[in-house]
K.L.:
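Structure incoming, see below.
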Protein chains: 2
Amino acid sequence: MRPEDLPEIRHLHLFRDMAQANFESLMASSYAQIFPQGLEMIRQGDPADFLHIVLEGSVELFAQWSGRECTMAVLRPVSTFILAACIRDAPYLMSARTLERTRIILVPASDLRAMFRHDTEFAVSVINELAACYRSVVRNAKTLKLRNSRERVASYLLRQSLLAGGVASYILPVEKRLLASYLGMTPENLSRTLRLLEADGIKMDGARVIITDREKLTVLAQPDRLIDGSDEIAGQTGSGLPDR
Amino acid sequence: MRPEDLPEIRHLHLFRDMAQANFESLMASSYAQIFPQGLEMIRQGDPADFLHIVLEGSVELFAQWSGRECTMAVLRPVSTFILAACIRDAPYLMSARTLERTRIILVPASDLRAMFRHDTEFAVSVINELAACYRSVVRNAKTLKLRNSRERVASYLLRQSLLAGGVASYILPVEKRLLASYLGMTPENLSRTLRLLEADGIKMDGARVIITDREKLTVLAQPDRLIDGSDEIAGQTGSGLPDR
DNA sequence: CATTAGAATTGACAATTATCAAGTGTTTGG
DNA sequence: CCAAACACTTGATAATTGTCAATTCTAATG
């Protein structure tokens with residue numbers, strides 16, 4: 001692991017509050033690895049031996065069943081993944097593959113489990129992290145069950161704009177076929193839906209999204225902080241989403 | 001709270017391992033409440049002030065958006081709910097209503113948050129509980145995205161049979177319209193699907209499910225421990241589901 | 001026991017979404 | 001720069017799922 005990695009990892013909520021000595025001990029047993037693009041680094045069902053931290057590149061979490069697969073999330077630096085499997089010492093529920101050349105830190109799950117018994121501040125951080133992850137998946141399930149595909153696309157586009165600071169135009173952060181899978185639809189359906197949304201305030205130009213009529217898009221997307229928001233730190237207002 | 005409630009609560013994984021004095025302290029600030037049938041006891045968006053424990057009756061967790069609603073889970077004794085919202089001191093993401101007359105213990109969220117900083121064993125229990133909840137929602141999201149409604153129904157029916165010990169016949173634990181919403185479909189669609197599944201090894205008689213051809217149903221349902229399983233305690237085999 | 005409200009079913013139909021196939025565009029590696 | 005691979009789009013069609021309306025069934029209540 002490079003020495004310049006440590007501060008970046010240390011800044012993560014998960015590691016921010018633990019004692020320095022404990023952080024160093026955890027990092028001492030961890031190591032970095034670089035994966036080429038398109039490598040399936042985690043296969044669902046395998047035992048969870050390492051907490052993963054993305055430092056560079058990007059990673060797709062996906063699930064498979066009966067010959068089908070779907071994208072569950074895309075992770076970018078700096079973030080951790082598959083914490084829950086590590087904690088429960090259980091098989092991964094999702095697979096992971098790199099979307100580009102990616103540098104990952106691997107933290108042994110057993111050290112992790114030992115550490116939160118030893119360092120209360122770290123335990124509290126793990127609790128907060130897991131609670132946030134849980135709520136994030138619940139939001140996801142809500143969008144899948146309550147919105148149809150057109151509404152999911154519209155709210156996704158609006159949310160991305162807000163995440164980028166309310167800009168009127170931005171580049172999609174992922175390929176469209178991957179976005180389609182993430183949103184629970186086929187690439188063909190996404191393609192047609194994006195076209196149809198040109199009547200509702202957006203315009204596509206390749207991977208560029210241009211919001212031409214935010215009011216109209218908002219009426220369709222009905223953004224909701226209990227779905228599209230994220231758990232902000234107390235005191236921050238966050239996404240600028242309405243209460244309901 | 002009744003004195004006979006305490007052992008039941010104490011047996012929950014969440015409270016099993018904490019110091020007795022701490023458990024008593026937590027319970028001392030908690031109180032019981034009885035709700036009539038059909039009462040909306042939690043409204044999504046409200047601040048999370050109490051961890052809830054169902055002691056008698058049953059509770060539906062549901063989500064609302066834009067005039068629609070869907071069932072997210074049904075809880076029965078003895079179990080806790082909305083732990084994550086309490087921990088993050090954030091608004092509830094789901095609403096809750098009683099499905100029958102229900103007795104609930106309310107544990108103040110602030111006491112809860114103070115307690116896991118104070119009692120390491122409790123912190124570890126919270127970590128394990130949250131990780132299990134997270135994995136449970138991920139399984140849910142997987143079934144929604146990877147299976148069509150027929151497959152969701154089939155795997156639900158098979159799973160319930162296995163949970164009841166592999167019985168060939170059992171009563172549905174919830175009303176069909178609620179089951180439909182839980183499975184992400186309309187009551188009409190569920191009704192028709194159940195009828196169609198009579199060609200695939202099941203037979204319905206009111207709320208009774210009769211599995212007439214387990215092999216055939218299994219071929220359709222393709223049960224998968226990474227979706228239909230639950231995080232068993234190490235050493236136990238659990239649901240009897242295949243690895244893939 | 002009769003009444004009634006709500007659950008469940010069924011049919012007809014509409015909307016949504018997926019599939020298949022063909023083609024266009026874009027990127028990448030030799 | 002060219003060729004190949006792959007993403008994306010579009011059209012035609014099929015499958016799935018939802019909606020609306022009308023019964024039938026079931027369970028709770030007075």
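In the text below, chain A, chain B and the rest are named by the order of the sequence lines, each starting its count at 1.
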K.L.:
List for me each residue that meets side chain to side chain contact (heavy atoms under 4.5 Å, CB included) alongside B/Ser181, sequence neighbours excluded, and say none if there are none.
P.N.:
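So B/Ser181 forms a side chain to side chain contact (heavy atoms under 4.5 Å, CB included) with B/Cys70, B/Thr71.
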K.L.:
Which atom names give the shortest non-hydrogen contact between A/Gln64 and A/Ser95, and what distance separates them?
P.N.:
OE1-OG, 2.8 Å
K.L.:
Answer yes or no: is there a side-chain heavy-atom contact under 4.5 Å between B/His11 and B/Val78?
P.N.:
no
K.L.:
Is a side-chain donor or acceptor of B/Lys176 paired with a backbone partner of B/Gly206 at a separation under 3.5 angstrom?
P.N.:
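Checked: pair present.
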K.L.:
Using whole Å, report how far CG of B/Leu178 lies from P of C/dA7.
P.N.:
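To the nearest whole Å, that distance equals 10 Å.
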K.L.:
Ring pair (Phe, Tyr, Trp, His ring centres under 6.0 Å) with B/Phe81: which residues, sequence neighbours excluded?
P.N.:
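Result, ring pair (Phe, Tyr, Trp, His ring centres under 6.0 Å) vs B/Phe81: B/His52.
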K.L.:
With sequence neighbours excluded, tell me which residues meet salt bridge (Lys or Arg N to Asp or Glu O under 4.0 Å) with A/Glu8.
P.N.:
none
K.L.:
Which whole-number value in Å describes the distance from B/Gln37 CD to C/dA5 P?
P.N.:
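So the two atoms are 16 Å apart, to the nearest Å.
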K.L.:
Nearest-Å distance, CD (B/Glu151) to C1' (D/dA15)?
P.N.:
13 Å
K.L.:
Pick out the pairs of N or O atoms, protein on one side and nucleotides 3-7 of chain D on the other, that lie under 3.5 Å.
P.N.:
{"unit_1": "D/dA7", "atom_1": "OP1", "unit_2": "A/Arg177", "atom_2": "NE", "d": "3.2"}
{"unit_1": "D/dA7", "atom_1": "OP1", "unit_2": "A/Arg177", "atom_2": "NH2", "d": "3.4"}
{"unit_1": "D/dA7", "atom_1": "O5'", "unit_2": "A/Arg177", "atom_2": "NE", "d": "3.3"}

K.L.:
Quick one: is B/Arg195 getting a side-chain N or O under 4.0 Å of the C/dT10 phosphate, OP1 or OP2?
P.N.:
yes
K.L.:
Residues two or more places apart in sequence or in another chain: which of them pass salt bridge (Lys or Arg N to Asp or Glu O under 4.0 Å) with A/Glu129?
P.N.:
none
K.L.:
So how far off straight is the helix from C/dC1-D/dG30 to C/dG30-D/dC1, going by the axes through five pairs at either end, to 10°?
P.N.:
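Rounded to the nearest 10 degrees, the bend comes out at 50°.
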K.L.:
Anything under 3.5 Å between a donor and an acceptor, one on a side chain of residues 187-194 of chain B, the other on a protein residue two or more places apart or in another chain? List them.
P.N.:
{"unit_1": "B/Asn189", "atom_1": "OD1", "unit_2": "B/Thr193", "atom_2": "OG1", "d": "3.3"}
{"unit_1": "B/Thr193", "atom_1": "OG1", "unit_2": "B/Asn189", "atom_2": "O", "d": "2.7"}

K.L.:
Can you check the A/Leu190 CG to D/dC8 P distance for me, whole Å?
P.N.:
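About 9 Å, once rounded to whole Å.
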K.L.:
Would you jot down, in residue-number order, the residues of residues 197-212 of chain B having a non-hydrogen atom under 4.0 Å from DNA chain C?
P.N.:
none
K.L.:
Can you list everything that forms a side chain to side chain contact (heavy atoms under 4.5 Å, CB included) with B/Ser79? Sequence neighbours excluded, please.
P.N.:
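B/Ser79 satisfies side chain to side chain contact (heavy atoms under 4.5 Å, CB included) with B/Val54, B/Leu75 only.
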K.L.:
What is the per-nucleotide protein-contact pattern of nucleotides 11-26 of chain C, from the 5' end, where B denotes a base atom under 4.0 Å from a protein heavy atom, S denotes such proximity for sugar-phosphate atoms only, and - denotes neither?
P.N.:
BB----SSBB------
K.L.:
Is the number of heavy atoms from other residues, nucleotides or ligands under 6.0 Å of A/Arg150 CZ greater than 12?
P.N.:
no
K.L.:
More than 12 heavy atoms of other residues, nucleotides or ligands under 6.0 Å from CD of B/Glu215: is that the case?
P.N.:
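No, because the 6.0 Å sphere around CD of B/Glu215 holds 12 heavy atoms or fewer from other groups.
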K.L.:
Would you please name every residue forming a side chain to side chain contact (heavy atoms under 4.5 Å, CB included) with B/Ala84, sequence neighbours left out?
P.N.:
A/Ala131, A/Tyr134, A/Arg135, B/Leu130
K.L.:
Got a sec, which residues hit salt bridge (Lys or Arg N to Asp or Glu O under 4.0 Å) with B/Arg68, two or more places apart in sequence or on another chain?
P.N.:
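So B/Arg68 forms a salt bridge (Lys or Arg N to Asp or Glu O under 4.0 Å) with A/Glu151.
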